[in-house]
Amino acid sequence: MEYTIIEGNYAKIGVSKAADTVYFTFEGEKEQTCAILLYTANNHEIRIPVPDEYCIGALRSVGIRGLKWKKLNYNYEIDGKLVFDQYARKIIGREKWADTARLSPKHTVRAGFDFAEFDWCGDRFPEIPREQMIMYKLNVRSFTMDGGASGKKRGTFAGVMEKIPYLKELGVTSLELMPVYEFEEMMPMDQHRQDTDGWSDNAKEGFLLEDAPGCTYKINCWGYVPGDYYAPKASYASAGEPSLELKTLIRELHKNKMECILEMYFDEKMNQNIAVEILRYWVREYHVDGFHLLGAALPADAMAQDLILRRTKLFAEGFSRRLFQKKTSYPHLFVYNEDFLYASRKLLSRNNANMPELLNQLKRQNPVFGFVNFIAGNNGFTLADLFSYMQKHNEANGEDNHDGILWNFSMNGGVEGATRKRAVLEYRRKQMRNAAVLVLIGQGVPLLMAGDEFGNSQQGNNNCYCQDNKVGWVNWSSKKRNEAYARFVCQMIAFRRQHPILRSSKPMQMSDHASKGYPDLSYHGENAWIASNGLYPHAVGLLYYGAYAERPDGTQDDFIYIGLNFHVEQQQLALPKLPRGMKWYLAVNTADKDCPYCELPQLIEKKPQIQMPPQAVVILVGK
């Protein structure tokens, strides 16, 4: 092999190419002995020393002119130790999901070259305004393994792409993907082998047991571990180059006016400057629209103020207070935490319930920051299991049921788990409708976990990180069994879209601050304009005045009255008077098992009060 060594390009960490030269830039002190190890197709190794003088700071960089890279892989050698390139854009050796061959000490993971060009076809970032967003979170593998995709596309980016028409019809605008960067799913456990006697086949599928005594491996399905952040996960590709398949998925999402948001997990050991550069890379190379930032010691403020990320949506548990004062032309920061989840669950389960807490969560909004509202996610019960189990059932995880969230604020309707009792089943369905309504009437951005829109269950497991089987996979047959509920969720998403007052990006002032005749938002109890005589009521009416929000055609929205009753008994709530010539129409009644959503709103009798069914939500439209 003929080649020429020259000094490299320190501006681009990792491997890059310009004309006939391939540049290798990596972390290495000047005093260290460094080399590039090239591997040919027949596994022949070529060692190329990196001259000591090719160093700036702690970066070593060398260019190899004339390198025939297409059939080569590489690693680094530093002071005689084999080192994998953490900036590699392609991983060789993890193409097959949970491949037991990787358990062999002889198995080596190598870096590959990825200089493949991609035609973005004039792609542009959708930049969907936060008041129009509907988020949907999924794991690429579990979303498409059990009836979610065809053939070899199961568990892959291509499988997710097959579901774009479904997601668009549902009303999803922003797809959040659990980690899709390269991570090692083969996770070594503690020293002792798990006793699998009596385990179900589904439980055993999530484990790989090596023959060597005392060595047990779990499958890490989620990827919340440090990984190779510049490379898309090789086993998530159905064929060919993972980078091209992921870029194709993102391009197709954009064609359908949908965004792609990636979860990024960084632990406390991550160099914060590198963390910022990783996000920049995914925006530049993959046209990613946003990031959900997870982990310890995140440089969230630095990311928020980075100029390249200025129009990239960033989701985190919180940001510095000083950023609250900096209003920008394109608000791109979102607070993403479990405050809404617990406020809603406590009232739904009547466990330490606090109505003022929920009301504050429903209207939380900020001119600079958006908020994400959800009641169920991957970390905890699915929405269906939230109303079917009082206790978590994680025994199949092999941790003696000690893992997973302890305080779920769940309920089961009187029976733990599966049942045929009609009264219990209808109670659960009603609670699921209540939960869907709460998520979709809040001013923040609604988020659905994959499968929750049709009652997907994980059999009471609230920590399915290692369940690579039918327990952890989204069960698409549930959609047919729960067709009525799936239709209701779709209808509620459409209802939210039709009424901009519910999703206004402007914080409600609880007053008629623009002198339009009614407050933008007001609360009502048994008497109009008075929330309740009690400090913590379990029933309240919310009146949104549509004049404080305009539809795209310039017309003002309707009056929207939302009655919330978390009592186990019927309650009365006052109906404020409408302007002359206007009437109240019933749009939603979660207690109506046959017709919880009225496609054509039904005129109701003119009365000063509304009878609220037990543990139900009723929505009226005044027009």
Side-chain angles (χ1 to χ4, degrees), residues 343-344 346-348 350 353-364 430 433-434 437-438 440-443 492 495-496 499 501-502 504 508-549 556-592 595-598 601-623:
S344 302
K346 285 189 285 188
L347 274 163
L348 288 167
R350 296 180 55 79
N354 185 325
M355 180 66 84
E357 180 185 7
L358 175 62
L359 296 179
N360 286 332
Q361 291 299 316
L362 287 172
K363 70 180 181 66
R364 66 174 179 170
K430 182 177 71 170
R433 292 192 290 267
N434 288 338
V437 171
L438 290 180
L440 291 164
I441 63 171
Q443 274 186 265
M492 282 305 307
F495 183 83
R496 177 184 176 86
H499 295 288
I501 190 63
L502 295 177
S504 174
M508 295 294 173
Q509 303 296 314
M510 304 293 294
S511 66
D512 187 15
H513 53 90
S515 301
K516 293 179 180 288
Y518 285 77
D520 50 8
L521 172 63
S522 55
Y523 300 148
H524 308 268
E526 292 182 9
N527 299 301
W529 309 106
I530 302 174
S532 175
N533 293 326
L535 183 61
Y536 299 112
H538 285 185
V540 68
L542 290 70
L543 178 64
Y544 290 88
Y545 185 28
Y548 277 93
Q556 70 181 39
D557 200 357
D558 305 311
F559 284 85
I560 304 292
Y561 182 90
I562 301 173
L564 305 175
N565 180 22
F566 297 103
H567 277 288
V568 293
E569 297 178 352
Q570 179 176 284
Q571 299 291 308
Q572 285 192 142
L573 291 175
L575 272 180
K577 289 184 179 179
L578 291 169
R580 186 182 298 274
M582 301 185 74
K583 297 179 181 179
W584 285 116
Y585 294 82
L586 176 65
V588 176
N589 179 2
T590 62
D592 188 336
C595 187
Y597 183 88
C598 303
Q602 301 173 4
L603 180 65
I604 66 170
E605 296 181 30
K606 187 176 181 180
K607 290 183 178 180
Q609 290 185 321
I610 180 176
Q611 300 295 327
M612 284 293 303
Q615 293 181 281
V617 180
V618 172
I619 301 179
L620 307 179
V621 177
K623 54 184 176 180

Problem set entry | Check: Val588 and Pro596 side chains under 4.5 Å, non-hydrogen atoms | no
For this session: Kindly determine whether Leu502 and Ile562 satisfy side chain to side chain contact (heavy atoms under 4.5 Å, CB included), including the steps that lead there.
Result: CA-CA 11 Å; Leu502 295 177; Ile562 301 173; 4.0 Å; yes
Exercise. Side chains of Gln571 and Val540: closer than 4.5 Å at any heavy-atom pair?
Worked result: no
Problem set entry | Side-chain (Arg364) to main-chain (Gly442) donor-acceptor, under 3.5 angstrom | no
For this session: Could you tell me the separation between the CD atom of Gln509 and the CG atom of Leu521, rounded to the nearest 0.5 Å?
Result: 10.5 Å
For this session: Would you check, one step at a time, whether the test side chain to side chain contact (heavy atoms under 4.5 Å, CB included) holds for Lys583 with Lys623?
Result: CA-CA 6 Å; Lys583 297 179 181 179; Lys623 54 184 176 180; over 6 Å; no
Problem set entry | Backbone N/O of Leu586 and side chain of Gln602: donor-acceptor pair under 3.5 Å | no
Seminar exercise, completed: Closest non-hydrogen atoms of Pro519 and Met510, given as atom of the first, atom of the second and distance, are CB-C, 4.2 Å
Exercise. Does some side-chain heavy atom of Pro356 sit less than 4.5 Å from a side-chain heavy atom of Tyr523?
Worked result: no
For this session: Report yes or no: does Thr590 contribute a side-chain atom to a donor-acceptor pair with the main-chain N or O of Val617 at less than 3.5 Å?
Result: yes
Problem set entry | Partners meeting salt bridge (charged side-chain N to carboxylate O under 4.0 Å, His left out) with Lys346 (sequence neighbours left out) | Glu357
Exercise. Where do Tyr561 and Ala574 come nearest, in terms of heavy atoms and distance?
Worked result: OH-O, 2.8 Å
For this session: Using modelled atom types only, decide if a donor and an acceptor are shared between the side chain of Asn565 and the backbone of Ala616 within a distance under 3.5 Å.
Result: no
Exercise. Is the backbone N or O of Glu526 less than 3.5 Å from a side-chain atom of Gln609, with the two atoms forming a donor-acceptor pair by type?
Worked result: yes
Exercise. Do the side chain of Asn589 and the main chain of Ala591 share a donor and acceptor less than 3.5 angstrom apart?
Worked result: yes
Problem set entry | Plane angle bin for Phe495 and His499 - parallel if under 30°, tilted between 30 and 60°, otherwise perpendicular | tilted
Exercise. Can you name the closest pair of heavy atoms from Tyr545 and Lys516 and give their distance?
Worked result: OH-O, 3.1 Å
Exercise. Taking the inter-plane angle between the rings of Trp584 and Phe559 on a 0 to 90° scale, is it parallel (under 30°), tilted (30 to 60°) or perpendicular (over 60°)?
Worked result: perpendicular
For this session: Indicate yes or no: at least one non-hydrogen side-chain atom of Tyr544 is less than 4.5 angstrom from one of Asp557.
Result: no
Problem set entry | Full working for side chain to side chain contact (heavy atoms under 4.5 Å, CB included) between Tyr597 and Arg433 | CA-CA 10 Å; Tyr597 183 88; Arg433 292 192 290 267; over 6 Å; no
Seminar exercise, completed: Value for CG (Leu564) from CE (Met355), rounded to nearest 0.5 Å, stands at 5.5 Å
Exercise. Any side-chain heavy atom of Leu575 sitting closer than 4.5 Å to one from Ile604?
Worked result: yes
Exercise. Side chains of Leu438 and Leu348: closer than 4.5 Å at any heavy-atom pair?
Worked result: yes
Exercise. Heavy atoms, side chains only, cut-off 4.5 Å: are Met612 and His567 in contact?
Worked result: no
Seminar exercise, completed: d(Asp558 CG, Leu620 CG) to nearest 0.5 Å is 12.0 Å
Exercise. Shortest non-hydrogen contact from Met582 to Gly622?
Worked result: CE-O, 3.5 Å
Problem set entry | Chi angles and distances behind the side chain to side chain contact (heavy atoms under 4.5 Å, CB included) call for Tyr548, Met508 | CA-CA 9 Å; Tyr548 277 93; Met508 295 294 173; 5.8 Å; no
Exercise. If every non-hydrogen atom of Leu347 is compared with every non-hydrogen atom of Ala353, which pair is closest and at what distance?
Worked result: CD2-CB, 3.3 Å
Problem set entry | His524 side chain to Trp529 backbone, donor-acceptor under 3.5 Å | yes
For this session: With rounding to the nearest 0.5 Å, note down the distance linking CD1 in Ile619 to CE in Met492.
Result: 4.0 Å
Problem set entry | Taking every non-hydrogen atom, the tightest pair across Leu543 and Pro576 | CD2-CG, 3.9 Å
For this session: Would you check if Val568 and Gln615 make a side-chain contact, meaning some heavy-atom pair closer than 4.5 Å?
Result: yes
For this session: Might you confirm whether atom CD of Gln570 has over 12 heavy atoms from other residues, nucleotides or ligands at distances under 6.0 Å?
Result: yes
